[in-house]
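Below: one structure, written as structure tokens.
In what follows, chains carry the letters A, B, and so on, assigned in the order in which the sequence lines appear, proteins first and then strands, with residues in each chain numbered from 1.
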Amino acid sequence: MSEALAGGAVKEIPPKSADLSAWYTAVCLRAQLVSYSPVRGCVVLRPYGFGLWENLQRELDGRFKATGHENAYFPLLIPESLLIREAEHVEGFAPEVAWVTQGGSEELTERLAIRPTSEAMVGTMYAQWIESYRDLPILINQWANVVRWEKATRPFLRTMEFLWQEGHTAHKSAQEAREETLRILDLYREFAENVAALPVYSGRKSASERFPGAVETFSIEALMPDGKALQSGTSHDLGQNFARAYDIKFTDADQAVKYVHTTSWGISWRMLGAIIMAHGDDRGLRIPPKLAPTQAVFVPIVRSGDERAVEVCNRLARILADAGLRVRVDARDEKPGWKYSEWDLRGVPVRIEIGPRDVDAQTAVLARRDRNKDESGQRQTVAVTEIEAALRELLVEIQASLYSQARSFLQSHTIAVADQNEFFDLCSTRAGMIDIAWCERAECEAEVKRQTMATTRVLRELQEGDVRCTACGEPAKARAYFAQSY
RNA sequence: CGGGGCGUAGCUCAGCUUGGUAGAGCGCUCGCUUUGGGAGCGAGAGGUUCGCAGGUUCAAGUCCUGUCGCCCCGACCA
């Protein structure tokens, strides 16, 4: 045990490098983000996990509002007759839809789908609300839960019921709808980088990766430590497909009656899974300060007969909380070292230690979670009068350092290749984001997947000198990142 | 939906091979000593009896059959 402590390891979780999957599950449970529930595939989001989600919500919601969107709420249950109107859409979701067939003791005449997503419901309502071009655009977001029947589930990454936001907009032109789709894609990218500290690739999805019913799907993709990509946000240009299916028409300024162009876009709590996996280390979570439910935890060090530190911590915590920082005091009757390990595991960015020596000297010790014990700069002593400034500076530094570590990983695991054998080899071994010139043919993508498990993540413009597809030799049409994915 | 694993104390598990009436560590409660990287000693509680249902047997946690649930790895999806 003392060896484990000397190495800074936390005994409750396995080393991240040894078994990412076991580490991930253990951290989600031990950090008290979630608990498994009596329902297969459904987790309980515990207060600490919900706090993380609330911070994500706050950041995203502010960005939606700033770009003119409003929140609304639509029903959880969707009549089958509505859901089946868009053929491709219903076909795509059919295997994952849960149905309500009975109310009380009576069989329903029409079964009700528990929403797997709300295009059908929103589209139906938009058809009622929209008459004129003056009603457009309509820009609505919904924070909601959805259910998709899944066979293999994991906390955050794939659960049967999950929390997300789904934006649904309607526009008078294809151009406007496309602009909206890309505006949100960029909003997601900016959020991922600046708030979640996750560098991502954003871009267009291939036809086979497209949302059922969409004209074009775009996504942001993060890279996990095991070399698998994680789709962390999607934005869909739905064209007029849903407008036709749900009869969403308007009279334009030229007096012609036209179908609207719609978009939809979403980020789910899966993003939390990406944050957990990308930033965590052998000691547990490392939560980016902007999302951390607790940004700094005070650990008072008391000796028998000298409990002054508790008072000092409480006083300082009140001052910091009044200044808008998210802090807490851990005055439980446990050893300080025990608390250090626990808050390391739970990923609190900064720990503030105050003991008798600090009380006498009017100082506090600030320890940063992004550096290891024994690493220079992990701890610093500051005067209590400087504590707010020092903490703010540290939080900014930690946010930046987590991003920079993740960016280094993404960059060093993004590999541009032009050789076919090398390409297949890198895909099979989960080397990261494999960047090639690609033909955009579905058959080619299917063959790569069959041989290597990897698929395209996002596409972008061809570069100078790209002539042939690296995977199959046919004429190249785009650059593509290939990777195995979650 | 295929492959594998596991269901015994709050948690991690031992006990099963060779049936004989339930254990360890951690955690929890109380007390004292401690407290700057997961403390020590002492006392105590905790299983409606081993996921559930049958079966074999004088006797089943242990053997047999079935069943349910969970976890992991793959096929499909955010």
| query | According to a strict under-4.0 Å criterion, is S304(A) in side-chain N/O contact with OP1 or OP2 of rU34(B)? | reply | yes
| note | Of T234(A) and P356(A), the one whose nearest nucleotide on RNA chain B sits closer to the 5' end is P356(A)
| Worked verdict on T169(A) versus T263(A) for side-chain hydrogen bond (donor to acceptor under 3.5 Å, both in side chains) | CA-CA 5 Å; T169(A) 69; T263(A) 80; 2.5 Å; yes
| query | Touch check for Q378(A), heavy atoms < 4.0 angstrom, all strands: base, sugar-phosphate only, or nothing? | reply | base
| message | Counting only Watson-Crick pairs (N1-N3 plus N6-O4 or O6-N4) and G-U wobbles (N1-O2, O6-N3), all under 3.5 Å, who is the partner of rA43(B)? | response | rU29(B)
| Reading nucleotides 2-10 of chain B 5' to 3', which nucleotides get B (base under 4.0 Å from a protein heavy atom), which S (sugar-phosphate only), which -? | ---------
| field | Separation between the C1' atoms of rC26(B) and rA45(B), rounded to whole Å | value | 16 Å
| field | Most 5' of M160(A) and W338(A) on RNA chain B, judged by nearest nucleotide | value | W338(A)
| query | Starting at CZ of R283(A) and ending at P of rG38(B), how long is that distance when rounded to a whole Å? | reply | 13 Å
| note | Here the salt bridge (charged side-chain N to carboxylate O under 4.0 Å, His left out) pairs for residues 215-231 of chain A, sequence neighbours left out, are R204(A)-E216(A), K205(A)-E221(A), R210(A)-E216(A), E221(A)-R457(A)
| said: Looking at R379(A) and rG36(B), is any side-chain donor or acceptor paired with a base atom of the opposite kind under 3.5 Å? | reply: no
| Does the pair E180(A)/R183(A) count as a salt bridge with the N-to-O cut at 4.0 Å? | yes
| Between R148(A) and W164(A), is NZ or CZ placed under 6.0 angstrom from the six-membered ring centre and within 45° of the ring axis? | yes
| What's the CD1-P distance between I301(A) and rG38(B), to the nearest Å? | 12 Å
| Whether H69(A) side chain and F64(A) backbone form a donor-acceptor pair below 3.5 Å | yes
| field | Spacing of the P atoms in rC50(B) and rU8(B) (rounded, Å) | value | 11 Å
| said: Taking the minimum atom-to-atom distance to the side chain of K449(A), which one of rC76(B), rU35(B), rG36(B) wins? | reply: rC76(B)
| Which ring-ring contact (aromatic ring centres under 6.0 Å, His included) pairs, counting each pair once, include a residue from residues 328-365 of chain A, with sequence neighbours left out? | none
| Salt-bridged, R369(A) to D281(A), with N to O below 4.0 Å? | yes
| query | Which whole number of Å gives the distance between the C1' atom of rA14(B) and that of rU62(B)? | reply | 13 Å
Set out, line by line, the N/O atom pairs under 3.5 Å between protein and nucleotides 66-73 of chain B.
residue, atom, partner, partner atom, Å
rC70(B), OP1, R40(A), N, 3.2
rC72(B), OP1, T25(A), OG1, 3.4
rC72(B), O3', S21(A), OG, 3.2
rC73(B), OP1, S21(A), OG, 2.7

| request: Would you kindly give the CH2-to-C1' distance between W149(A) and rC1(B), to the nearest whole Å? | output: 16 Å
| query | For K335(A) and rG37(B), what is the distance between atoms NZ and P respectively, to the nearest whole Å? | reply | 9 Å
| Taking atom C1' in both rG38(B) and rA43(B), what distance in whole Å separates the two? | 24 Å
| Taking the same atom, P, in rG23(B) and in rG69(B), what whole-Å distance lies between them? | 33 Å
| query | Between rC11(B) atom C1' and R30(A) atom CZ, what is the distance in whole Å? | reply | 7 Å
| Is there a donor and acceptor pair closer than 3.5 Å between the side chain of E353(A) and the base of rG37(B)? | no
| said: Tell me if the side-chain of R351(A) makes a donor-acceptor pair with the base of rG37(B), cut-off 3.5 Å, by modelled atom types. | reply: yes
| task | Mind checking L157(A) for me? I need base, sugar-phosphate or nothing, with any heavy atom below 4.0 Å counting as a touch. | result | base
| message | Say we look at rG36(B) and rC13(B): how far apart would their P atoms be, to the nearest angstrom? | response | 31 Å
| Tell me: CG of D282(A) to C1' of rG38(B), nearest whole Å? | 16 Å
| request: Can you tell me the distance, in whole Å, between the OH atom of Y340(A) and the C1' atom of rG38(B)? | output: 12 Å
| message | With a 3.5 Å limit on both atom pairs, tell me what rU67(B) is paired to, counting Watson-Crick and G-U wobble, or say none. | response | rG51(B)
| query | Across all strands shown, which nucleotide pairs with rA60(B) by Watson-Crick or G-U wobble geometry, both distances under 3.5 Å? | reply | none
| query | Among all residues two or more places apart in sequence or in another chain, which pass the side-chain contact (heavy atoms from CB on, under 4.5 Å) test with V39(A)? | reply | S37(A), C42(A)
| message | The side chain of E334(A) is closest to which nucleotide in this list: rG37(B), rC28(B), rU35(B)? | response | rC28(B)
| query | With R351(A), which of K339(A), R368(A), Q378(A) fulfils side-chain contact (heavy atoms from CB on, under 4.5 Å)? | reply | Q378(A)
| Is V365(A) touching bases, backbone alone, or none of the nucleic acid, heavy atoms closer than 4.0 Å? | base
| message | Does the structure place the NZ or CZ of R115(A) under 6.0 Å from the centre of the six-membered ring of F74(A), at an angle of no more than 45° from the ring's axis? | response | no
| Please give, in whole Å, the distance from rC76(B) C1' to Y486(A) OH? | 17 Å
| request: Using the ring-ring contact (aromatic ring centres under 6.0 Å, His included) rule, collect all pairs that involve residues 187-209 of chain A, keeping only residues at least two apart or in two chains. | output: Y201(A)-Y481(A)
| query | So, is K373(A) near the phosphate of rG38(B), with a side-chain N or O under 4.0 Å from OP1 or OP2? | reply | no
| query | Aromatic rings F242(A) and Y246(A): how do their planes relate, parallel, tilted or perpendicular, breaks at 30° and 60°? | reply | parallel
| task | Tell me the partner of rC13(B), counting only Watson-Crick (N1-N3 plus N6-O4 or O6-N4) or G-U wobble (N1-O2 and O6-N3) with both under 3.5 Å; none if nothing fits. | result | rG23(B)
| field | Interatomic distance at P, rA39(B) relative to rU35(B), whole Å | value | 12 Å
| Taking the same atom, P, in rG27(B) and in rC11(B), what whole-Å distance lies between them? | 15 Å
| query | Below 4.0 angstrom from OP1 or OP2 of rG36(B), is there any side-chain N or O of K339(A)? | reply | no
